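Here's the structure we're looking at; comments come further down.
Predicted model only: the values in this text are computed from it and were never measured. Chain letters run A, B, ... following the sequence lines, proteins first and then strands; every chain starts at 1.
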Amino acid sequence: MIRISNTMTRTKEEFTPLASGEVRMYVCGVTVYDYSHIGHARSAMVFDVIRRYFTFKGYRVTFVKNYTDVDDRIIKRANDAGVTAREFAERFIQAEREDMASLGVLAPDVDPKATEHVGEMIRLIEQLVASGHAYPIEGDVYFAIRSFPPYGRLSGKNLDELLAGARVEVDERKRDPRDFALWKGAKPGEPAWDSPWGRGRPGWHIECSAMAMKYLGATFDLHGGGEDLIFPHHECEIAQTEACTGKPFARYWVHNGMVNMGKEKMSKSLGNTLNIREIVKRHDPDALRLWMLGTHYRNMIEWSEERVEESARALERLARLFHDAAAARDGGGPAPLPPAFAEFRPRFERAMDDDFNTPQVLGVLFDFGRALADARDRGAGGPGAFIAGVDELVRLARVLGLFGRATTTDGPPAEVQRLLAARGEARARRDFRRGDELRDEIGRLGWLVEDTPAGPRLTPKGR
RNA sequence: GGCGGCGUAGCCAAGUGGCUAAGGCGGAGGUCUGCAAAACCUCUACUCAGCGGUUCGAAUCCGCUCGCCGCCUCCA
């Protein structure tokens with residue numbers, strides 16, 4: 001039984017899907033006017049892991065993540081760059097896909113773009129206008145907040161206090177200063193679509209309502225995003241959608257914590273972002289993931305090169321097991337998992353079931369790793385047992401998105417083999433000086449030589 | 001000002017009423033080794049920001065104080 005912290009109820013709730021055996025989830029994606037940063041990476045990895053875990057538990061998962069490809073900043077930057085907003089957005093959509101793939105994040109089942117769903121949005125807005133939840137003014141359309149009493153429930157905002165503390169300049173045309181735009185009349189030079197209220201473009205919040213409904217239905221299981229989206233974005237999504245359908249929108253609201261730079265939140269507007277593509281030049285994606293998952297997804301995490309490097313060291317300990325298992329593999333059929341290693345999967349599931357407690361899960365994986373190394377060193381159960389154990393570890397780690405790439409090696413190149421043999425001869429002559437030279441030379445070719453009781457072991461450096 | 005979150009070892013980080021307070025990094029010692037490396041073993045918080053309270057019992061619940069962060073405006 002999976003339990004999930006639901007932002008809506010502020011409690012950890014038992015997860016029951018709407019349709020048995022099926023999970024439908026929607027995650028808010030990025031506004032594509034720049035390269036994705038580590039904060040986006042966190043959100044992506046968090047929901048990637050949640051999705052993978054649902055799949056691991058046997059659910060059929062439909063995962064939708066959108067692109068916001070029309071927005072003030074996209075328009076402005078596209079103008080500055082002298083290209084169309086569409087071209088500009090497309091460039092960063094491509095970049096985002098590359099970045100996410102480089103992090104081992106699985107592609108969504110559907111990744112809709114706002115600009116390709118304007119028709120759906122217009123129909124939604126029409127319904128809202130018809131039912132009195134929205135009103136047009138001079139080419140704009142606003143959502144009437146007072147027509148939806150539950151507004152504020154998700155974010156825990158009190159409407160009166162919201163008004164009192166409002167920092168936004170008041171638009172006198174609005175019936176209520178808290179009303180938000182569903183449709184914005186076009187200014188000259190902006191991308192625009194025809195609508196019953198004249199040419200214009202959709203407001204931000206309406207796109208997620210329209211796309212989530214289109215691909216997942218009026219009610220679906222899980223809606224996710226960064227915690228900075230709780231208000232106003234998700235609050236407004238709920239208002240629009242539920243005012244329109246009269247049905248509950250998402251059943252579980254899941255929000256990930258922010259990535260901080262120092263003490264401050266990493267955000268595009270603060271200009272303190274670190275792009276994913278810069279980071280993957282310096283760090284193994286698995287090390288990044290291990291670092292991210294070492295903090296519970298709801299807590300804030302502070303960016304630190306040092307912490308990521310520490311994670312890389314921790315990762316190496318596990319990676320070494322894979323190489324040893326690969327080396328010991330003899331092509332025989334898979335051995336059954338020895339009882340000594342049977343405790344780890346239940347522990348893994350218990351931790352994941354409890355609101356995707358990945359830090360605890362990692363503890364289980366490292367315990368598992370130690371047990372495996374111990375078995376390997378003592379020769380307990382023979383190589384078959386060791387290999388079966390490593391396979392199990394890899395299966396569990398992959399639910400976290402770790403070790404998704406090939407973990408077996410192609411074996412050392414002939415040149416390395418030749419040098420290793422020469423080193424063996426030198427050492428047999430007790431010519432250790434020559435032996436160490438050869439070891440250094442092999443090292444320069446990217447392979448680490450270690451002497452074990454069973455003979456020398458070769459490991460590719462940096463996995 | 002309103003709402004929410006956090007403060008656990010040198011660092012990172014789980015645990016949220018009761019066995020010895022996970023795990024990672026770092027550090028110390030040991031086994032192994034020609035030397036290494038790796039691995040494994042042992043040790044590294046009598047204590048959970050501080051002060052009160054509830055309880056047979058609290059890091060875990062309640063109150064207050066101090067410090068930090070987020071949202072209330074675009075933001076993952």
Hey, is the side chain of A:Asn299 poking within less than 4.0 Å of OP1 or OP2 on B:A14, counting only N and O atoms? yes
Value in whole Å for how far the P atom of B:G70 lies from CE of A:Met261: 14 Å
Inter-nucleotide C1' distance (B:G70, B:C56), Å rounded: 40 Å
Tell me whether the centres of the aromatic rings in A:Phe88 and A:Tyr33 are closer together than 6.0 Å. no
Atom CH2 of A:Trp253 to atom C1' of B:G4: distance rounded to whole Å? 17 Å
Expressed in angstrom and rounded to an integer, what is the separation of A:Asp284 atom CG from B:G24 atom C1'? 16 Å
Minimum-distance nucleotide (side-chain atoms of A:Ala373 versus B:A76, B:C35, B:A39): B:A39
Flag as yes if A:Phe366 stacks onto the base of B:G23 (centroids under 5.5 Å, planes under 30°), otherwise no. no
Would you say A:Lys265 reaches B:C71's phosphate, i.e. side-chain N/O to OP1/OP2 under 4.0 Å? yes
Say you pick atom C1' in B:C71 and the same atom in B:A76; how far apart are they, in whole Å? 14 Å
For B:C3, the nucleotide meeting Watson-Crick or G-U wobble distances (both under 3.5 Å) is B:G70
Do the side chain of A:Asp377 and the base of B:C32 come within less than 3.5 angstrom through a donor-acceptor pair of N or O atoms? no
Taking the six-membered ring for Trp and the full ring for Phe, Tyr or His, determine whether the centres of A:His234 and A:His255 are under 6.0 Å apart. yes
A:Tyr142/A:Phe180 aromatic ring centres below 6.0 Å: no
Separation of the C1' atoms in B:A58 and B:C19, to the nearest angstrom: 16 Å
Check if the side chain of A:Arg376 and the base of B:C40 share a donor-acceptor pair of N or O atoms closer than 3.5 Å. no
Which listed nucleotide (B:A38, B:A76, B:C25) is nearest to the side chain of A:Ala314? B:C25
When rounded to the nearest Å, what value does the distance between P atoms of B:G1 and B:C43 take? 50 Å
Taking only the side-chain heavy atoms of A:Asp374 (C-beta and beyond), determine which of B:C25, B:C40, B:C11 contains the nearest atom. B:C40
Just how far, in rounded Å, is P of B:G70 from NZ of A:Lys157? 14 Å
Taking B:G15 as the reference, what is the distance to B:U54 when you measure between their P atoms (whole Å, please)? 28 Å
Counting the atoms with a prime plus P, OP1 and OP2 as sugar-phosphate, which does A:Gly39 contact under 4.0 Å by heavy atoms, base, sugar-phosphate, or nothing? base
Taking CZ from A:Arg73 and C1' from B:U73, how many angstroms apart are they, rounded to a whole number? 11 Å
Using a cut-off of strictly less than 4.0 Å, decide whether A:Arg370 has a side-chain nitrogen or oxygen near OP1 or OP2 of B:G24. yes
Between B:A39, B:A76, B:C74, which nucleotide has the shortest distance from any of its atoms to the side chain of A:His40? B:A76
A:Arg320 has its side chain closest, among B:A38, B:A76, B:A36, to B:A38
Is the base of B:C74 touched by the side chain of A:Ser269 through a donor-acceptor pair closer than 3.5 angstrom? yes
Taking the cut-offs as 6.0 angstrom to the six-membered ring centre and 45 degrees off its axis, would you call A:Arg24 and A:Phe220 a cation-pi pair? no
B:G30 and B:C68, which share atom name C1', separated by this distance in whole Å: 42 Å
Of the nucleotides B:C40, B:C72, B:C12, which one has an atom closest to the side chain of A:Phe231? B:C72
Among A:Asn79, A:Asp72, A:Asp80, find the residue that satisfies the side chain to side chain donor-acceptor pair (under 3.5 Å) test when tested with A:Lys76. A:Asp80
Indicate, with a heavy-atom threshold strictly under 4.0 Å, whether A:His296 touches base, sugar-phosphate, or nothing. sugar-phosphate
Using a distance-only criterion (donor-acceptor N/O pair, under 3.5 Å, no hydrogens), is the base of B:C35 paired with the side chain of A:Arg439? yes
Say whether, by atom type as modelled, one donor and one acceptor occur between the side chain of A:Glu190 and the main chain of A:Lys187 under 3.5 angstrom. yes
Any A:Lys268 side-chain nitrogen or oxygen under 4.0 Å from OP1 or OP2 of B:A76: yes
Give one of base, sugar-phosphate or nothing for A:Arg153, where a contact means two heavy atoms less than 4.0 Å apart. nothing
Look at the side chain of A:Pro359 and decide which nucleotide, out of B:C35, B:A38, B:A13, has an atom nearest to it. B:A13
To the side chain of A:Asn357, which of B:G15, B:A76, B:C12 is closest? B:G15
Both distances under 3.5 Å, Watson-Crick or G-U wobble: report the partner of B:U33, or none. none
As a test of reading the structure: which of B:G15, B:C71, B:A36 is closest to the side chain of A:Glu450, going by heavy atoms? B:A36
Do the two ring centres, one from A:Phe148 and one from A:Tyr151, sit under 6.0 Å apart? no
Contact class for A:Val259 vs. all strands (heavy atom < 4.0 Å): base, sugar-phosphate, or nothing? base
Could you check whether A:Leu229 gets within reach of a base, just the sugar-phosphate, or nothing at all, counting any heavy atom under 4.0 Å? sugar-phosphate
In whole angstroms, the gap separating C1' of B:C74 from NZ of A:Lys76 amounts to 14 Å
Watson-Crick/G-U partner (both atom distances under 3.5 Å) of B:G18: B:C56
Watson-Crick or G-U counterpart of B:C46, or none if no pair lies under 3.5 Å: none
Sticking with atom C1', work out how far B:A21 lies from B:U8, rounded to a whole angstrom. 8 Å
Rounded at 0.5 Å granularity, tell me how far CZ in A:Arg146 sits from CG in A:Asp179. 7.0 Å
Could you check A:Ser155 against A:Glu227 and say which one's nearest nucleotide on RNA chain B is further toward the 5' end? A:Ser155
Nucleotide B:G2, atom P - distance to CD of A:Glu235 in whole Å: 20 Å
Can you tell me how far P of B:A76 sits from CG of A:Asp99, to the nearest Å? 14 Å
A:Asp367 (side chain) and B:G24 (base): donor-acceptor pair under 3.5 Å: no
Without swapping roles, check the side chain of A:Arg51 against the backbone of A:Val61 for a donor-acceptor pair under 3.5 Å. no
Could you tell me if A:Lys157 sits above the aromatic ring of A:Phe231, with its cationic atom closer than 6.0 Å to the ring centre and no more than 45 degrees from the axis? yes
With no angle test and no hydrogens, is the base of B:G24 tied to the side chain of A:Arg317 by a donor-acceptor pair under 3.5 Å? no
Quick check for you: among B:A38, B:G34, B:G70, whose closest atom lies nearest to any side-chain atom of A:Arg427? B:G34
Between B:C51 and B:C11, how far apart are the C1' atoms? Round to whole Å, please. 28 Å
Taking only N and O in the side chain of A:Arg313, is any of them less than 4.0 Å away from OP1 or OP2 of B:G26? yes
By nearest nucleotide on RNA chain B, pick out whichever of A:Gly156 and A:Gly225 is the more 5' one. A:Gly156
Within the structure shown, what part of the strands sits under 4.0 Å from A:Met258 by heavy-atom distance: base, sugar-phosphate, or nothing? base
Partner lookup for B:C25, please. Criteria are Watson-Crick or G-U wobble with both distances under 3.5 angstrom; report none if nothing qualifies. B:G10
